[in-house]
Amino acid sequence: MNAWMKNGVFYQIYPTSFYDSNGDGIGDLKGITEKLDYVKSLGVDGIWFNPFYPSPFMDGGYDVADYCAVHEMFGTMADFEEMLAKCKALGIRVIIDLVIGHTSDKHPWFVQSTKDEKNKYSDWYVWTDNNFNKFGDKSIHGLYPRDGGYVINYYACQPALNFGFNTPPRAPDPNNAYDLGEYWKMHYTDERLKPLREEILNIMRFWLDKGVDGFRVDMANSLVKGCLYNSDKDEDIEGVRWLWNLLIGTIKKEYPDVGFMAEWVYPSNAVGKCGFDLDYLAHDRQEYNELLRNEKGTNILPAFEKGHTYFSDDGQGDIENFLKYTMRLHDDVEGKGYFSVPSGYHDIVRVAEKKDNEQMKVMFAFLLTYKHVPFIYYGDEIGMTHKFGINKDGGFIRTGCRTPMQWTNGKNRGFSETDGELYLPVNDVAGQSVETQEEKEDSLLNTVRKLVKLKKENEAFNADADLEIVSCENGGYPLVYRRLNSESSFLIAINPSAKPVSVALKGEVLLSQNCETENGEAKLLGKSFIIVKE
Ligand code: NOJ
Ligand code: CA
């Protein structure tokens with residue numbers, strides 16, 4: 001179990017959009033280095049960086065063409081090392097994206113594997129055994145000389161690396177003379193898959209030797225085919241479980257302090273069974289929303305902005321299933337790791353969309369005091385909204401949450417000096433910028449800083465400290481809970497709705513918004529929260 005992840009608050013940076021140091025309109029590593037003092041000023045412990053590797057950027061860099069190098073638009077390996085050194089000097093952990101479910105179709109390994117002649121890389125990708133044998137709607141045919149179709153993980157340009165299948169290859173049906181079986185589906189223990197696994201371990205070693213602290217593993221649940229990753233049945237995840245325990249187990253023996261965060265979206269499996277230290281709950285996944293759907297059929301994830309959420313001020317939200325589900329998760333991951341409910345990330349509509357800064361503060365009061373590991377998506381701390389109608393790098397609607405960080409109210413929002421075009425356009429909604437919010441003591445930015453500080457100063461807010469739900473009638477408003485350990489106890493009440501409510505509480509008020517306290521009672525006006533040390 002990883003020690004530094006549990007107490008941490010993390011920040012996520014999308015490299016094209018944080019800061020452009022050389023005026024070419026594209027964010028870069030030197031630019032990030034220049035802004036690390038700002039990141040440090042938030043009080044966070046670490047940064048997760050989206051991919052910065054050489055890539056055709058057909059999917060925001062999640063189509064890697066070289067795992068051990070830096071894309072030239074972001075700078076050089078020396079720039080990365082300088083950034084890492086400054087992170088270390090500031091006490092900021094570095095988590096990088098490890099995208100090993102697939103590569104780009106331009107990766108030299110894949111180029112080799114498309115050839116008809118057998119070579120070192122022929123088995124590194126999942127290919128069917130003749131061009132007309134398909135793998136459902138997940139294989140692409142007819143593009144290359146090789147007699148077969150390649151299985152994809154996401155877009156067509158993202159061929160799946162071959163970690164095998166959950167079940168042994170299927171033999172031909174004796175009653176069907178035309179059936180040749182499915183010998184191309186190698187079992188996950190097949191010896192032919194070992195060289196790829198070794199290479200993956202070496203990629204991790206490459207970055208860990210540079211001083212990187214951990215990995216966020218893209219589509220970690222996808223590596224062994226035929227697994228039902230959100231199933232609770234052991235046999236359904238046997239292969240992927242075997243693989244991750246092997247990979248993580250090997251690396252942890254060599255680098256005991258490394259942290260592994262999964263993109264699995266099912267912590268019961270990723271953390272509970274597969275060796276990860278952390279997994280996160282993605283707001284945009286259908287299967288996850290199915291799990292959490294309440295009777296009213298509304299989305300109940302706190303930060304999901306489609307329909308009613310608990311954090312909309314219409315007061316229609318219902319957080320009961322979320323609470324029930326996360327209680328179950330706490331049991332499933334206990335003693336092994338943690339999960340995160342991120343404020344946002346690079347794949348979803350910005351959480352500040354349709355929320356004002358007061359609502360955002362209520363949401364952050366929740367995210368920075370609840371029992372989990374908080375991740376703040378860059379710009380959420382100043383309430384950056386979504387820019388609809390733009391599309392770049394295969395982002396489509398997701399592009400709108402990847403716009404440049406809004407540093408100032410001036411040219412290009414202080415992101416770039418260029419007079420030319422920006423790689424991604426700025427979102428020109430007025431008001432939300434670091435410059436504006438630095439000055440005001442109770443701005444969203446400064447409130448986030450205060451909340452992070454409060455959390456960091458009190459171990460009762462750690463992911464392994466206790467949580468007690470005090471009251472939340474029918475999943476409605478307010479939500480009152482306690483965070484505690486053997487030394488201290490805190491009561492938190494949040495009321496994202498516009499309707500006032502009352503809560504009985506005693507103690508020292510540490511932080512609040514729109515609250516009036518008198519004689520052991522707090523009146524929580526609309527869009528309010530209060531944190532009390534009992
Ligand atoms: C999840 C990443 O977050 C997303 O941006 C990407 O498109 C897919 N995985 C495919 O790698
Ligand atoms: Ca640049």
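Indexing begins at 1, ligand by ligand and atom by atom, following the structure's order. Remember, predicted model here, so these are calculated numbers, not experimental data.
Backbone or side-chain N, O or S atoms of S416 do not reach the Ca ion (ligand 2) at under 3.0 Å. At least one N/O/S atom of I26, whether from backbone or side chain, sits less than 3.0 Å from the Ca ion (ligand 2).
Two rings, from W207 and F215, have their centers 6.0 Å or more apart. In this structure, the ring of Y377 has its center no less than 6.0 angstrom from the ring center of W48.
Rounding to the nearest 10°, we obtain 80° for the angle at the Ca ion (ligand 2) between D24 OD1 and N22 OD1. The OD1 atom of D20, the Ca ion (ligand 2) and the OD2 atom of D28 define an angle of 90° (nearest 10 degrees).
In summary, the atoms of ligand 1 found under 4.0 Å from a heavy atom of R398, numbered by their order in the structure, are 4 (C), 5 (O), 6 (C), 7 (O). Heavy-atom contacts of M219 reach the following atoms of ligand 1: 9 (N), 10 (C) (cutoff under 4.0 Å). Atoms of ligand 1 lying under 4.0 Å from any heavy atom of H346, numbered from 1 in the order shown and given with element: 2 (C), 3 (O), 4 (C), 5 (O). Each of the atoms 1 (C), 2 (C), 3 (O), 4 (C), 5 (O) of ligand 1 lies under 4.0 Å from some heavy atom of D347. Residue-ligand proximity, E263 to ligand 1, at heavy-atom distances under 4.0 Å covers atoms 1 (C), 3 (O), 9 (N).
Salt bridge D277/K6: absent, no basic N to carboxylate O contact under 4.0 Å.
Counting heavy atoms from C-beta outward, V70 and P54 have side chains that stay 4.5 Å or more apart. Side-chain contact between D45 and W4: absent, with no pair of heavy atoms (C-beta onward) separated by less than 4.5 Å.
Inspection of the D20 and S416 side chains reveals an N or O donor paired with an N or O acceptor under 3.5 Å. Judged by distance alone, the side chains of N427 and T403 never bring a donor and an acceptor atom under 3.5 Å apart. Side-chain atoms of E199 and Y67 include no donor-acceptor pair closer than 3.5 Å.
Relative to atom 10 (C) of ligand 1, the option among N50, V64, D97, D59 with the closest non-hydrogen atom is D59.
Ligand 1 has R216 within reach: a non-hydrogen atom of the residue lies less than 4.0 Å from it.
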